[in-house]
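The basis for the numbers below is simple: all heavy atoms, side chains too, and nothing from hydrogens, waters or symmetry mates. Per chain, numbering begins at 1; letters A, B, ... match sequence-line order.
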6 protein chains.
Amino acid sequence: MPVVVQNIERADQTLIDALGVCGVATVHEAQGRKGLLASYMRPIYSGARLGASAVTISAPPGDNWMLHVAIEQVRAGDILVLAPTSPSEDGYFGDLIATSLKARGGMGLIIDAGVRDVRDLTEMQCPVWSKAIFAQGTVKESIGSVNTPVVCANELVNPGDIIIADDDGVCVVRREEAAVVLEKARAREASEADTRKRLAAGELGLDIYGMRARLQDKGLKYV
Amino acid sequence: MPVVVQNIERADQTLIDALGVCGVATVHEAQGRKGLLASYMRPIYSGARLGASAVTISAPPGDNWMLHVAIEQVRAGDILVLAPTSPSEDGYFGDLIATSLKARGGMGLIIDAGVRDVRDLTEMQCPVWSKAIFAQGTVKESIGSVNTPVVCANELVNPGDIIIADDDGVCVVRREEAAVVLEKARAREASEADTRKRLAAGELGLDIYGMRARLQDKGLKYV
Amino acid sequence: MPVVVQNIERADQTLIDALGVCGVATVHEAQGRKGLLASYMRPIYSGARLGASAVTISAPPGDNWMLHVAIEQVRAGDILVLAPTSPSEDGYFGDLIATSLKARGGMGLIIDAGVRDVRDLTEMQCPVWSKAIFAQGTVKESIGSVNTPVVCANELVNPGDIIIADDDGVCVVRREEAAVVLEKARAREASEADTRKRLAAGELGLDIYGMRARLQDKGLKYV
Amino acid sequence: MPVVVQNIERADQTLIDALGVCGVATVHEAQGRKGLLASYMRPIYSGARLGASAVTISAPPGDNWMLHVAIEQVRAGDILVLAPTSPSEDGYFGDLIATSLKARGGMGLIIDAGVRDVRDLTEMQCPVWSKAIFAQGTVKESIGSVNTPVVCANELVNPGDIIIADDDGVCVVRREEAAVVLEKARAREASEADTRKRLAAGELGLDIYGMRARLQDKGLKYV
Amino acid sequence: MPVVVQNIERADQTLIDALGVCGVATVHEAQGRKGLLASYMRPIYSGARLGASAVTISAPPGDNWMLHVAIEQVRAGDILVLAPTSPSEDGYFGDLIATSLKARGGMGLIIDAGVRDVRDLTEMQCPVWSKAIFAQGTVKESIGSVNTPVVCANELVNPGDIIIADDDGVCVVRREEAAVVLEKARAREASEADTRKRLAAGELGLDIYGMRARLQDKGLKYV
Amino acid sequence: MPVVVQNIERADQTLIDALGVCGVATVHEAQGRKGLLASYMRPIYSGARLGASAVTISAPPGDNWMLHVAIEQVRAGDILVLAPTSPSEDGYFGDLIATSLKARGGMGLIIDAGVRDVRDLTEMQCPVWSKAIFAQGTVKESIGSVNTPVVCANELVNPGDIIIADDDGVCVVRREEAAVVLEKARAREASEADTRKRLAAGELGLDIYGMRARLQDKGLKYV
């Protein structure tokens, strides 16, 4: 059953980059509020924002062997997405593997487990979103799979899906929906830019969105 | 039952500002170690410190409609305090509502739930203390109340109570106790300034506070 | 039973400093993946890295009296390690005690409980690794022990053991094993420096570590 | 500030008993979905169901002295409600205090902390809803208050408020609203009895509640 | 996007029943240690064990409207599997909906959220595996989907997949793999029956499984 | 470093049994409120109570190989105490190993990780105190140690230490302190029996323990 899928389809890089610029909150809204990984997935440093193509890893708890296998499958613009087969906080990823990942053009890591060497990773500007920071080492005894669908932090991720990540967390966009989602995200941004101006000028959301009548219908009383 | 209370009493702004300068730990001690919100309430960025007057919101889980209603009640120097009626991590608050809040002179947000757009909020210097950072969107389907007493992160907050918040967390001071608490906080600061000097010079707390005899009475042995 | 042990043995300061430079992940690996405190022990600010000699404290929940007692036992290069006898998040340690600790040459604090005044502690560059940041005050009513073995965040720490701490967490090294661990840590660093170069040049871990045959033996398929 | 309020008002015992029979879920709905303590409050054994009048306790963390003080204030039909001033899991309550409580006619305990001797408490049929079961002992060093308003498990409880507790958790009813809530709870039960029969006979909620049109309006598609 | 899929394929009932008899631990092993829902999914009472066909529900947080919609899609032998679109502990399910579910021949509920009326559900012998027990009510304001793939407690569940649940937790078996998994589960049971006898007679696993040589190779020392 | 220590010293069986009868809360108090494992260690079924001699296991996360090794070291009256070297919830122990353990006269298991087959274990009356119930399987790839000191659920346990466990949790008694602790535990029980009678007769702890004067000194006011 353990398998490495070598040729996966990826979305167009222009789409991926453009979605990355939109950011997690906007993309998540644009695709109908789906695809968000659990809120415990936090960046190891602030300010990183990216769009990238997922290379997925299913790995045993406390065993990072498949990370080494996955690196070989990475192309420029990819991000690793690791889901352990049982919950783990162990530090699967550190500065050595990060060096290798960077050398292959990889963008970073999404991991429903732990990482270590975070000072080095920060200096290298290798962004990671993880469940834990933990120096606990791993073994290389049991195999898993690369580029099969995984459930990571309560969300399904397929190889070649698009990962959007920033300080708000991590969101996955299906490869085949990327173009439509981008269109909606941009429309949303345009609309928000206008709303932002009006709000900054002191107008109220109650008026801009025309909420007063509906609130009254629902029975809200002002006293 | 859902209601918006429009005219609430606020403490004197000078008092509020002065308490804010004292900070959470000092104010909390000065009022007899009460009023602290749960320790999971964390700032979205470091270094913010404020005193502000509470505009309270009771909102359904995953529904941020009442935030829009509350904004209209905000005056310069106010802070929003949102307590969901059932636990939620959803992102009730983002950069658009923050823009509106700022335009009204609002100081920030205390929320026993989630926020999003934290990179934008950080750039805008709109401080938030929250339970979670989560891009999950909310709906606008059910109403709640504004400016009624709420329990937020295990602490009762009344509209017009004073919120003190910094990197240590969030503390609430009853409006009617503000003047007395400020006096005690300042006395505490004065006393601490003196003690700090003595400690910095190498004196021991054991001697400054005269603890040695009482420790001996309790049975502490040195070997 | 409550006791203060006044003369404890410490490791050679040169060893301690050298281990601190290696950092948590390297030291933890070098000593066979043991000695790591639980992953919830986090630094109050990023970037601190140290090696120090442990002065241990066993204290009742919500009672920081023994911290004052322990300060007197601190020598230059020591770090306090506090384990409460029952779980607590209370703020045992703030800027006043930190001032005293610094005046004695103490390096910082490891505490399986809470701290406060973190803005001041950050300004003072007094590093702390803790379970919580919480302004909740403590009392001085019950005594405990100083410089007896404690279990802190699921790890045994003896007085005079060496504490290594950085952004990855906290690791303890037995005093009598320090020299051997340092030797192994340095060997590891030397080896990693070489590997890092090869990885940066694009070589794969699969090849550097010769993993391909063993993966095939385990049954990994490429498709 | 620490105080024992000796004469508190209680609701009519008939009301209290009748609300207890309705159970938590029904009462919670009947009063507009408010008053529920946090879901981590669990019974130490299954099957207990009660209504009782609250005697409140505000106690320091890890210090059960005020429990002894509170027992004297207990009348037949009362229940103790203990909120620590800082989070604690310590075992404040065991079989000895339970014996005393029972001798006074007390009904049980609601505690946002720990209890112990649960085998004995189960044999005595002394129901407790708690955050933890933990044998950790407490001290008797610091005082608190009895019969002042407390926030327990994120909910405000006043002395004399009515506590409803069963396998679903714990709910508080304001004393002055008890009669109205009981009326609504009974109306709800009557209505549910009818609905239950129809559902048991195979009718669908979709039809009984007339939901089909509204679902269609919202855009639900059947495929 | 919200949709109700009315005709889903189900596995053969004989297969489903037979897998249910095997139990979670055996089935999970038999299919290569996959398909297990998170360990926080606990039965509301002990001793229930079942195999059933999944009717899936994707529902908004704190909104149980889709449960009513799903009931209509239930056939004898089905089990409901509800995944909220954002984390929730609210009580989506109680004795009324359970009555309706039972009337349709439904077997029970798997829910990554809360339930209530657990005393009634226990009396009715309507088994539920949930994240929480919480009386908190829900609304009927927003729609979701029935019988689309969902991620429930970190595991993907498709409509028509087979759910195995007992005191050990919950496991999902893909419909198309059911026959093969059953065969392996039974082989496993047969093998275990023999091993159990030998172990009961005092033989050691070390000898039965021939582990001694491999342990020696790994370097285990006996002292 | 991995080692199996074959000949460990055990306390006198009469002492062990007698301590088991006293129960966790009493023994914990009798030895000065120390030795309690973390409160998340819960029995898989209610009502078990035992005293037993510890056979300790240090095992890798998700790897139960050392359990098989440890069984060979078990004598009648022993209990296994397993501490993983990194946090894990996996099901290390099920009905097969339990059968083997029982055949050797073993009493049960204390495990800072998961177990499975809990229905079978309950039927066999094989008591387990664990962090989790989880069907997740383990591997047999990496070795650890048997009968070396371990930290289990934040408490140090040496081989041959005495484990007391019941519905309140788990407590460890040092072998060399067993006789003294038993004496104190029995004295405590004798004293409590008398107090229990007085409390049952309606006397107050305030009077029995003579607390009134000290409460007044501390400043408690009755109003």
Side-chain angles (χ1 to χ4, degrees), chain D residues 1-8 44-46 62 64-74 88-91 94-105 113-124 130-148, chain F residues 23-43 46-49 129 154-155 164-171 188-189 191-212 214-223:
Chain D
M1 205 152 29
V3 71
V4 180
V5 179
Q6 292 182 280
N7 292 306
I8 61 171
I44 58 168
Y45 57 85
S46 293
N64 78 342
W65 207 1
M66 296 313 289
L67 258 172
H68 291 276
V69 174
I71 294 279
E72 190 176 26
Q73 307 305 321
V74 168
S88 175
E89 294 195 335
D90 291 350
D95 82 299
L96 281 184
I97 306 185
T99 300
S100 185
L101 178 66
K102 284 287 188 181
R104 308 287 292 187
V115 290
R116 58 185 187 177
D117 299 328
V118 296
R119 196 166 79 159
D120 297 327
L121 297 178
T122 304
E123 276 173 19
M124 294 166 67
S130 71
K131 182 167 78 170
I133 295 171
F134 197 28
Q136 178 69 40
T138 51
V139 295
K140 289 168 184 55
E141 296 287 349
S142 303
I143 60 176
S145 292
V146 172
N147 280 332
T148 58
Chain F
V24 171
T26 297
V27 168
H28 170 64
E29 287 289 336
Q31 69 177 347
R33 293 182 184 168
K34 65 177 190 185
L36 211 53
L37 275 65
S39 67
Y40 60 71
M41 295 296 286
R42 300 300 306 143
S46 294
R49 167 172 287 195
W129 286 257
N154 213 37
E155 198 64 40
I164 311 300
D166 61 21
D167 292 346
D168 286 350
V170 183
C171 188
R188 193 175 172 88
E189 286 186 324
S191 155
E192 287 190 349
D194 179 61
T195 306
R196 192 176 293 105
K197 264 185 222 157
R198 294 173 65 184
L199 291 169
E203 272 190 86
L204 287 170
L206 288 177
D207 298 312
I208 295 175
Y209 303 117
M211 292 168 168
R212 293 193 192 271
R214 204 170 148 239
L215 285 166
Q216 196 171 1
D217 288 352
K218 290 271 181 179
L220 188 65
K221 300 288 173 219
Y222 284 78
V223 299

Point to revise | Contact class of F:L37 relative to chain D, heavy atoms under 4.5 angstrom | key: backbone
Review point. Chain F: which of D:I71, D:D95, D:N147 shares the most heavy-atom pairs with it under 4.5 Å?
Key: D:D95
**Study point:** Side chain / backbone / both / neither for F:R42 at chain D, heavy atoms under 4.5 Å
**Key:** side chain
Check your understanding: Nearest 0.5 Å, what's the CG-CD distance between D:D117 and F:E192?
Key -> 7.5 Å
Review point. Okay, side chain of F:D167, backbone of D:R119: is any donor-acceptor separation there less than 3.5 Å?
Key: no
Practice item. Name the region of D:T138, side chain, backbone, both or neither, that has any atom closer than 4.5 Å to a heavy atom of chain F. Key: backbone
Review point. Are any non-hydrogen side-chain atoms of F:R196 and D:L96 less than 4.5 angstrom apart?
Key: yes
Study note, to complete from the structure: Between F:S39 and the options D:K131, D:E89, D:Q136, the side chain to side chain donor-acceptor pair (under 3.5 Å) test singles out D:E89
Practice item. May I ask you to test the F:L206-D:V69 pair for a side-chain heavy-atom distance under 4.5 Å? Key: yes
Practice item. Flag the one option from D:S145, D:G144, D:G137 with the top tally of heavy-atom pairs under 4.5 Å to chain F. Key: D:G137
Study note, to complete from the structure: For D:E72, the salt bridge (Lys or Arg N to Asp or Glu O under 4.0 Å) test, sequence neighbours excluded, returns F:R212
Exercise for review: Kindly indicate whether the side chain of F:L199, heavy atoms from C-beta on, has any atom under 4.5 Å from the side chain of D:K102.
Suggested key: no
Exercise for review: Using a cut-off of under 4.5 Å on heavy-atom pairs, state which of D:I143, D:V146, D:V4 scores highest against chain F.
Suggested key: D:V4
Exercise for review: Measure F:Y209 against the heavy atoms of chain D and call it side chain, backbone, both or neither at under 4.5 Å.
Suggested key: side chain
Exercise for review: Using a cut-off of under 4.5 Å on heavy-atom pairs, state which of D:L67, D:V5, D:I44, D:L101 scores highest against chain F.
Suggested key: D:V5
Point to revise | Positions in residues 27-35 of chain F that reach chain D, provided some heavy atom is under 4.5 Å away | key: F:H28, F:E29, F:R33
Review point. Which region of F:L36, side chain (C-beta onward) or backbone (N, CA, C, O), has a non-hydrogen atom less than 4.5 Å from a non-hydrogen atom of chain D, or is it both or neither?
Key: side chain
Exercise for review: Name the region of D:E123, side chain, backbone, both or neither, that has any atom closer than 4.5 Å to a heavy atom of chain F.
Suggested key: neither
Review point. Would a distance-only check, ignoring hydrogens and angles, find a side-chain to backbone donor-acceptor pair under 3.5 Å from F:D168 to D:V118?
Key: yes
Practice item. Could you tell me which portion of D:V139 (side chain, backbone, both or neither) has an atom closer than 4.5 angstrom to a non-hydrogen atom of chain F? Key: both
Point to revise | When F:V170, F:V24, F:L215 are compared by non-hydrogen pairs under 4.5 Å with chain D, the top option | key: F:L215
Point to revise | Interface moiety of D:R104 toward chain F, non-hydrogen atoms closer than 4.5 Å | key: side chain
Check your understanding: Looking only at heavy atoms, what is the nearest atom pair of D:A135 and F:A25, with distance?
Key -> CB-CA, 4.1 Å
Review point. Is D:W65 close to F:K218 at the side-chain level, that is, under 4.5 Å between some pair of heavy atoms?
Key: yes
Check your understanding: In this structure, are over 12 heavy atoms from other groups packed under 6.0 Å from D:N7 atom CG?
Key -> no
Study note, to complete from the structure: Looking only at heavy atoms, the pair that brings F:A200 and D:A103 closest together is O-CB, 3.6 Å
